[in-house]
Amino acid sequence: MNAGDSRHPCFTAGAHGTHARIHLPVAAACNIRCGYCDRRHDCVNESRPGVTSRVLNPVEAAQLVDRAVAALPHLSVVGIAGPGDPLASPGPTLETLALVRRAHPGLLLCLSTNGLALPDHVDALAALGVGHVTVTLNAVDPEVGARLYAHVTGDDGLALHGAEGAAHLLARQEEGLSRLARAGIAVKVNTVVVPGVNDDHVEAVARRAAALGASLMNCIGLIPVAGTPLGGVEAPGPRLMDAVRATAGRHLPQMRHCARCRADAAGLLGDGGTLGGLGLLPLQPEHPHRGHGLPDTAGMPPCAGRRRCD
């Protein structure tokens, strides 16, 4: 199995202290509703997937990469990981990747997706030279998936609920994973570990992902977010995560250095850097939209235990 270019800090543990990455937040839309996700907050010291200070258009993002190359001489990877799903509305994602590939052919390109729309775009990703894709695969049993997803968008654009929605998502994820492997693209599977829901199911996920061609697995402990369906579930402790990784590791190598990056992360993995913090973001428009182009957070409570959301 191919783990991809050794310069990718997420796919190669030894690279995370020497090679930098940036995430370009160009993907605002999403096509599923996860029970643990709330993208409406943007706290400056909140590091979790889906959080960004603002959404960029492809031209802004490509120009930002020009600045990042100058500011980060150890930059090796440009990725797209949100704040929504990069393939839910693929136009901005594919345009951004094309612009970056044209201007910086030596940089690695990657993206992270829930996999629902993945089968439709594998050929385009391969043509652009995307070498690494992460797929969030939380369940390979629709009954388990039904407890993790509030709804999944069906082929007709209507919401599918319960096991029906989870089964549709799983079928698309499996097709996408196998197509990526056949295209020679390195695949990492992210699995959010939710105690009492899928913690006993992660080994089955690893077994199936390996059979489909994944080369690496990243088990991520649930980050409870107040106001979400799974917000009341306690985060898994180190002992549980060690046990989950041990059983999953029978089938796939385990990533153990994940920084659970924001959608606008920048710099070395784990240093907490963001595009804004490094001064790489373009100037805000005169009347910026609140947050990152998602529903307004007015009236929402501040993030528990963190600074008040901006």
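On a predicted model such as this, the values are computed, not experimentally measured, just so you know.
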(Q) Going by the rule side chain to side chain donor-acceptor pair (under 3.5 Å), which residues pair with Asn31 if we only count those two or more places apart in sequence or in a different chain? (A)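 Only Asn114 meet the side chain to side chain donor-acceptor pair (under 3.5 Å) criterion with Asn31.
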
Nearest heavy atoms of [X] and [Y], plus distance in Å:
X      : Y      : answer
Ser112 : Asp85  : O-OD1, 4.4 Å
Ile220 : Met241 : C-CE, 4.0 Å
Gln254 : Cys219 : OE1-SG, 3.3 Å
Ala139 : Gly145 : CB-N, 3.7 Å
Ala166 : Ala146 : CB-N, 3.7 Å

Q | Hydrophobic cluster membership, Leu99 vs Val55, 4.5 Å side-chain cutoff | A |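 Hydrophobic grouping puts Leu99 apart from Val55.
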
Is a side-chain N or O of [X] found less than 3.5 angstrom from the main chain of [Y], in a donor-acceptor match?
X      : Y      : result
Thr113 : Leu87  : no
Arg262 : Ala266 : no
Gln173 : Thr136 : yes
His23  : Gly82  : no

Among all residues two or more places apart in sequence or in another chain, which pass the side chain to side chain contact (heavy atoms under 4.5 Å, CB included) test with [X]?
X      : value
Asp141 : Glu143, Val144, His201
Ala181 : none
Arg67  : Gln63, Leu64, Leu280, Pro282
Glu164 : Leu160

Review item, side-chain donor-acceptor pairs of residues 202-214, under 3.5 Å, at least two apart:
residue, atom, partner, partner atom, Å
Glu203, OE2, Arg250, NH1, 3.3
Glu203, OE2, His251, NE2, 2.9
Arg208, NE, Glu174, OE2, 3.0

Q.
Please evaluate residues Val192 and Tyr36 with respect to the criterion side chain to side chain contact (heavy atoms under 4.5 Å, CB included), reporting the C-alpha separation (whole Å), side-chain torsions for both, the decisive distance (0.1 Å), and the verdict.
A. CA-CA 9 Å; Val192 179; Tyr36 49 77; 3.7 Å; yes

Please round to the nearest 0.5 Å and tell me the distance separating atom [atom1] of [X] and atom [atom2] of [Y].
X      : Y      : atom1 : atom2 : result
Cys110 : Leu97  : SG    : CG    : 9.0 Å
Glu175 : Leu170 : CD    : CG    : 11.5 Å
Leu278 : Leu72  : CG    : CG    : 6.0 Å

So, do [X] and [Y] sit near enough that their side-chain heavy atoms are less than 4.5 Å apart?
X      : Y      : value
Pro224 : Leu230 : no
Leu137 : Leu177 : yes
Thr153 : Leu158 : no
Asn138 : Asn190 : no

Q. Tell me, which pairs form a side-chain hydrogen bond (donor to acceptor under 3.5 Å, both in side chains) where one or both residues lie in residues 234-245, sequence neighbours left out?
A.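 Non-adjacent pairs meeting side-chain hydrogen bond (donor to acceptor under 3.5 Å, both in side chains): zero.
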
**Q.** Summary of side-chain hydrogen bond (donor to acceptor under 3.5 Å, both in side chains) pairs that have at least one residue in residues 91-109, sequence neighbours excluded
**A.**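 Passing the test, one end in residues 91-109: Asp66-His104.
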
Please tabulate, one pair per line, all N/O donor-acceptor pairs under 3.5 Å involving side-chain atoms of residues 116-128, not counting sequence neighbours.
residue, atom, partner, partner atom, Å
Asp120, OD1, Arg172, NH2, 3.2
Asp120, OD2, Arg172, NH2, 2.8

**Q.** Verdict with supporting geometry, His132 and Lys188, side chain to side chain contact (heavy atoms under 4.5 Å, CB included)
**A.** CA-CA 8 Å; His132 302 76; Lys188 174 167 64 72; over 6 Å; no

